[in-house]
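The structure appears right after this line, and notes come after that.
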Amino acid sequence: MNTTTLPTPAHRSADPATASDRAVIELREARKVYRTGEVSVEALRGIDLSIAAGDYVAIMGPSGSGKSTLMHALGCLDVLTSGSYRLDGVDVSELDDDALAEIRNLKIGFVFQQFHLLPELTAWQNVALPLMYARVPLGERRERAAAALDSVGLGGRADHRPGELSGGQQQRVAVARALVTEPTMVLADEPTGNLDTASTEDVLELFDQLNGLGRTIVLITHETEVGEHAKRIVWVKDGVIDREQVNRA
Ligand SMILES: Nc1ncnc2c1ncn2[C@@H]1O[C@H](COP(=O)(O)OP(=O)(O)O)[C@@H](O)[C@H]1O
Ligand SMILES: [Mg+2]
């Protein structure tokens, strides 16, 4: 894989100490209750979580423990029932849907288990989509999408459609799309859940490189081997943080 062209995140400070001390995520007493008719489920029951710029965190836990609910809250895809959430210094607990959509597009690069690429668009067009939503002009969209594809080692596949790429390559296109806006963090939900062993290694190596360059990464997984790539693992159980494990500094 081409490792020489990865761009440095725009938010990365010249002073590494400052960069790593800055909190990207501050969740306080986060609670989420789902109500369906008479039944209510407390999916998050008071979560405190801080993630600094440059961190690489895996959120792990058994099925039904609240991982997806937590990911939706962190990704501004859903709002908390109570508690506060500051993303990159902005209190997002009180924002309306439009404001949430905008902050989501600007600050978060999503990677999903199912890739979520549009089959009729080429690789570069898929990568450029978040820039279209941000109303970036076409020429600049093309350039930035090409650079993002280069950075994941797929510069030579810009005009291929998803159906002409392997699963691992499709997920790398999805990572390029996640990076193209220079987001504050990359948020990945089971990013290797649909990949074979070789492609899983490929995508995890890419995440390692990106984090090495200062990217903040939060991923959700139930696979121990995947979690071990992260700097720390946050274990969720029954809607609370059960324990934390530090893999490396
Ligand atoms: N939309 C929903 N409506 C009602 N209950 C839900 C909803 N989504 C999740 N839950 C419940 O919340 C709890 C946590 O679910 P989830 O966050 O999906 O866990 P995980 O991703 O760890 O499997 C579970 O008890 C689940 O049944
Ligand atoms: Mg889930």
Side-chain angles (χ1 to χ4, degrees), residues 1-27 49-60 70-71 74-76 85-90 92 103-112 127-128 130-131 134 136 140 143-155 168 171-189 191-192 200-221 226-234 244-249:
M1 191 190 303
N2 182 354
T3 59
T4 56
T5 52
L6 288 163
T8 305
H11 66 265
R12 200 178 178 195
S13 162
D15 174 0
T18 315
S20 60
D21 289 350
R22 198 169 59 81
V24 165
I25 284 176
E26 281 181 293
L27 212 50
L49 179 63
S50 297
I51 297 177
D55 208 348
Y56 182 1
V57 179
I59 294 170
M60 300 195 67
L70 182 56
M71 140 115 194
L74 293 178
C76 301
Y85 177 23
R86 290 178 80 82
L87 170 60
D88 208 17
V90 178
V92 298
I103 213 162
R104 201 158 59 219
N105 191 45
L106 285 177
K107 295 203 182 278
I108 305 170
F110 290 96
V111 178
F112 300 99
V127 171
L131 299 178
V136 172
E140 187 185 334
E143 265 173 41
R144 287 172 63 178
L149 277 172
D150 269 345
S151 79
V152 300
L154 283 181
Q171 194 59 304
R172 280 198 272 155
V173 172
V175 173
R177 179 186 55 192
L179 294 173
V180 77
T181 55
E182 293 282 328
T184 307
M185 69 162 160
V186 172
L187 188 54
D189 191 12
T192 60
T200 292
E201 279 307 313
D202 191 35
V203 166
L204 289 175
E205 189 189 309
L206 177 58
F207 279 7
D208 289 350
Q209 283 174 28
L210 293 171
N211 181 246
L213 289 168
R215 289 277 173 201
T216 311
I217 300 176
V218 180
L219 70 75
I220 293 176
T221 183
V226 174
E228 269 156 13
H229 277 255
K231 286 178 177 166
R232 62 183 170 119
I233 302 178
V234 173
E244 286 205 30
Q245 170 185 328
V246 176
N247 293 335
R248 59 198 161 84

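Because the structure is a prediction, the values reported are computed rather than measured.
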Query raised in the report: Quick check: does any side chain N or O of R22 sit under 3.5 Å from a backbone N or O of A53, one acting as donor and the other as acceptor?
Result: no
Requested in this report: State, yes or no, whether a side-chain contact exists between L179 and V186 at a heavy-atom distance under 4.5 Å.
Outcome: yes
Query raised in the report: Can you tell me how far the NE2 atom of H229 sits from the CG atom of L206, to the nearest 0.5 Å?
Result: 11.5 Å
Query - Any donor-acceptor pair under 3.5 Å from R86 side chain to E26 backbone - result: no
Query raised in the report: Partners of E201 by salt bridge (charged side-chain N to carboxylate O under 4.0 Å, His left out), sequence neighbours excluded?
Result: none
Requested in this report: Go through the structure and list residues passing salt bridge (charged side-chain N to carboxylate O under 4.0 Å, His left out) with D189, not counting sequence neighbours.
Outcome: none
Query raised in the report: Closest approach of P183 and G109, non-hydrogen atoms and distance?
Result: CB-N, 3.6 Å
Report task. Kindly write out the residues that satisfy salt bridge (charged side-chain N to carboxylate O under 4.0 Å, His left out) with R144, not counting sequence neighbours, or none if the list is empty. Result -> E140
**Report entry** Ion pair E228/R248, N-O distance below 4.0 Å
**Finding:** no
Query raised in the report: How many angstroms lie between CG in D88 and CE in M185, if you round to the nearest 0.5 Å?
Result: 9.0 Å
Query raised in the report: Which heavy atom in V127 sits nearest to a heavy atom in A148, and how many Å separate them?
Result: CG1-CB, 4.0 Å
**Report entry** Verdict with supporting geometry, V226 and L204, side chain to side chain contact (heavy atoms under 4.5 Å, CB included)
**Finding:** CA-CA 7 Å; V226 174; L204 289 175; 3.8 Å; yes
Query raised in the report: Is the backbone of P130 close enough, under 3.5 Å, to the side chain of N105 for a donor and an acceptor to pair up by distance?
Result: yes
Query raised in the report: Could you give the distance from CG (L87) to CD1 (I51), rounded to the nearest 0.5 Å?
Result: 10.5 Å
Query raised in the report: Distance-only, no hydrogens or angles: does the N211 side chain make a donor-acceptor pair with backbone N or O of G54 under 3.5 Å?
Result: yes
Query - Heavy-atom closest pair, residues C76 and I103 - result: SG-CG2, 3.8 Å
Query raised in the report: How close do R104 and F110 get, heavy atom to heavy atom, and via which atoms?
Result: CG-CE1, 3.3 Å
Query - Check: L70 and L27 side chains under 4.5 Å, non-hydrogen atoms - result: yes
Query raised in the report: Is there a side-chain contact between Q171 and D202, using heavy atoms and a 4.5 Å cut-off?
Result: no
Report summary line: Rounded to the nearest 0.5 Å, the OG1 atom of T184 sits from the CZ atom of R215 at a distance of 9.5 Å
Requested in this report: Over all heavy atoms of both residues, which pair between V246 and R232 is shortest? Give the atoms and the distance, please.
Outcome: CA-CB, 4.2 Å
Report summary line: One should read off an interatomic distance between I233 CD1 and Y56 OH, to the nearest 0.5 angstrom, of 10.0 Å
Query raised in the report: Below 4.5 Å, heavy atoms only, C-beta onward: do V57 and I25 meet side chain to side chain?
Result: no
Requested in this report: State, to 0.1 Å, how close V111 and A174 come at their nearest heavy-atom pair, and which atoms those are.
Outcome: CG2-O, 4.3 Å
Report summary line: CD (E182) and CG (L106) are apart, to the nearest 0.5 Å, by 12.0 Å
**Report entry** Heavy-atom check, side chain of L74 versus side chain of I59, under 4.5 Å
**Finding:** yes
